[in-house]
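A short write-up of the structure that comes next.
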2 protein chains.
Amino acid sequence: MTTFVFGHKAPDTDSTGSPIIWAWYMTEIQGKSAEARLLGTPNTEAAWMLERWGLEQPAILEDVEDGQRVVIVDTNNPAELPANINKADIRAIIDHHRLVGGLETRGPVGITMQPLACTATIMHKLMGDDASKMPEAIKGAMLCCILSDTLEFRSPTTTDEDRDLAIALAKDLGIEIPALASEMFAAKSDVSRFSEAELLRMDSKEFETGGTSFRVSVLETTSPETVLKRKDALIEAMPHVASEDGVAQVLLFIVDILKEEATLLVPNDTVRSVAEKSFATVCSGDTVVLPGVVSRKKQIIPNLTV
Amino acid sequence: MTTFVFGHKAPDTDSTGSPIIWAWYMTEIQGKSAEARLLGTPNTEAAWMLERWGLEQPAILEDVEDGQRVVIVDTNNPAELPANINKADIRAIIDHHRLVGGLETRGPVGITMQPLACTATIMHKLMGDDASKMPEAIKGAMLCCILSDTLEFRSPTTTDEDRDLAIALAKDLGIEIPALASEMFAAKSDVSRFSEAELLRMDSKEFETGGTSFRVSVLETTSPETVLKRKDALIEAMPHVASEDGVAQVLLFIVDILKEEATLLVPNDTVRSVAEKSFATVCSGDTVVLPGVVSRKKQIIPNLTV
């Protein structure tokens, strides 16, 4: 039986690239039958990465059958995975998020979670010497995953391991990191084709604190003004998205990758209060700038206070 | 803050030795403050291992405080851990059991689960070259953990990695494996001091299948006759243990390490039916011998049928 390798339901670069990288490793090095899958449409940056390295877009999976062999990467959260995931035969998990609980395996399997910026960096470690056998496209995907998850080393999630590996891969590929990252981020910033609701759900995690549930959304961009032009429409779409998704509030952080700051939309007094308590700031208008804030994992979620 | 490193609530050799090994690694190699703890009284084999290598018995922990830093080894099952475990600050998990779900971490941390026979083998891999710095007592504990969990390589859970490491450690220590294992198993077989209820709970995991809950207990011994002499008293104790622990049935498998077979006590028709369906056998009396069965993980739990 072919093993399906996939990440989470909102495929960014790491959740698109890492399944391809690991399916390559399982097939070419371990001699197993494995194929990458996606659980949704890749975002514009992930699509650019596929095109840049001549990689085929993996097929999109709606759900998994009972007993389907799967390898889960870049998440361990059942809410971000197919509904039937615990009836599948989970053969491995490779992730860099906090353990949220809820996944079960049938027997003992390999599970590797590490506090690194990027899933692909963990994969490189797991491959050991076999990593040198990666073809150019797989190396390229790995490099893009790291640059994406670290925002070209700007994110406080960046570790020396992520940085050193990216630099080594770029050298090996004969590529200049700033040029590659700049093209990648331009692709990520091109969100004109998405509706407001799509933007609010594109890179989003549900999080509950103090009895209030949030959809915590992040838009990483080199062109925040493009998104901010749509501020009124985004604020108007928030209550609909919140109600459809069963959360109390939608928080949209527009992360300016180059300036290393986030702009939070402030649609109502509840969000205003959350923003002031969480980030020791004062907001008067319908946006507030949070200098230095770029990481949901390290800077937004841990500080969120109701 | 000192990190407490501990295994599960019924400390066998691996759950006693692995916390000591990892606390040594954290302290001496990583330069952190860490101490091994136990969640119960070590079994007779584990106590023998401590004595054999001159290791101090770790203090027994009743529960963990909110925010206590902990590293969990040899289990990922909240039912086998302190009641307050999810309020603790779990900093790492190293285990070789199936993922059961239920544990949560505060942030991304190192989690390593591998389908090896023994937690200590995984630790050796994680240490890399630093493993060579282990003092004799830590190497000895590691060797005992592997020989215990593999039943001196007899268990089908044994992998080449477990075996190769044990052989290398024995060579390094100038020790003959058969002699060490024989003394260890003799210690494990000395269960005269325990009550019937204690024997039924000593090496036991709860498991539910087909709507029936079981306490699946294993007694590994080189002297099954010693336990079988107490058969009537054990059968009499079963309903009390089942009712106190809130399970429907207690299954006691007396594993003859040297003959590589298990004798299951058959106290009633329900267990008789389970035995016949699970192990394709016929039982007439109050015991049934299951040739080749030595591993709860690989041979008992996966076959259990109601």
Side-chain angles (χ1 to χ4, degrees), chain A residues 70-72 74-79 81 85-86 88-119 121-122 125-126 128 149 155-159 161-162 205 207-209 295-303, chain B residues 14 70-72 74-79 81 85-86 88-119 121-122 125-126 128 149 155-159 161-162 207-209 295-303:
Chain A
V70 305
V71 168
I72 297 168
D74 195 29
T75 182
N76 70 87
N77 188 344
L81 289 162
I85 192 68
N86 271 328
D89 184 6
I90 302 171
R91 308 297 287 232
I93 303 172
I94 305 168
D95 188 22
H96 63 130
H97 295 89
R98 77 176 191 94
L99 182 67
V100 299
L103 286 186
E104 289 178 41
T105 64
R106 297 184 170 193
V109 303
I111 298 177
T112 308
M113 301 192 199
Q114 291 188 5
L116 300 180
C118 180
T119 307
T121 310
I122 305 173
K125 290 174 77 174
L126 291 174
D149 269 3
S155 170
T157 59
T158 310
T159 70
E161 288 184 71
D162 297 292
K205 297 209 186 273
F207 180 74
E208 191 175 313
T209 185
S295 166
R296 175 171 47 209
K297 193 194 267 180
K298 285 258 187 186
Q299 298 170 308
I300 297 173
I301 294 279
N303 286 317
Chain B
D14 196 26
V70 305
V71 169
I72 297 168
D74 196 27
T75 182
N76 71 87
N77 188 343
L81 288 162
I85 193 67
N86 271 329
D89 183 6
I90 302 171
R91 308 297 287 233
I93 303 172
I94 305 169
D95 188 21
H96 63 129
H97 296 89
R98 78 176 191 94
L99 182 68
V100 299
L103 287 185
E104 289 177 41
T105 64
R106 297 183 170 193
V109 303
I111 297 178
T112 308
M113 302 194 199
Q114 291 188 4
L116 299 179
C118 179
T119 307
T121 310
I122 304 172
K125 290 173 76 174
L126 291 174
D149 269 3
S155 169
T157 59
T158 311
T159 68
E161 286 184 72
D162 297 292
F207 180 74
E208 192 175 312
T209 185
S295 166
R296 175 172 46 211
K297 192 194 269 181
K298 284 259 188 185
Q299 298 170 307
I300 296 174
I301 294 280
N303 286 315

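Letters A, B, ... mirror the listed sequences (proteins, then strands); counts begin at 1.
Only the side chain of A:Ile93 comes within contact range of chain B, judged by heavy atoms closer than 4.5 Å. For A:Lys297, the part lying under 4.5 angstrom from a heavy atom of chain B is the side chain only.
Without hydrogens or angle criteria, A:Thr105 side chain to B:Arg98 main chain gives no donor-acceptor distance under 3.5 Å.
The distance from atom CD1 of B:Ile111 to atom CG of A:Asn76, rounded to the nearest 0.5 Å, is 7.0 Å.
With chain A as partner, the option from B:Pro302, B:Pro78, B:Gly107, B:Gly101 having the largest number of non-hydrogen pairs under 4.5 angstrom is B:Gly107.
Residues satisfying the side-chain contact (heavy atoms from CB on, under 4.5 Å) criterion with A:Asn86, sequence neighbours excluded, are A:Ile90, A:Leu103, A:Glu104.
The two residues B:Pro108 and A:Pro115 have their closest heavy-atom pair at O-CB, 3.5 Å.
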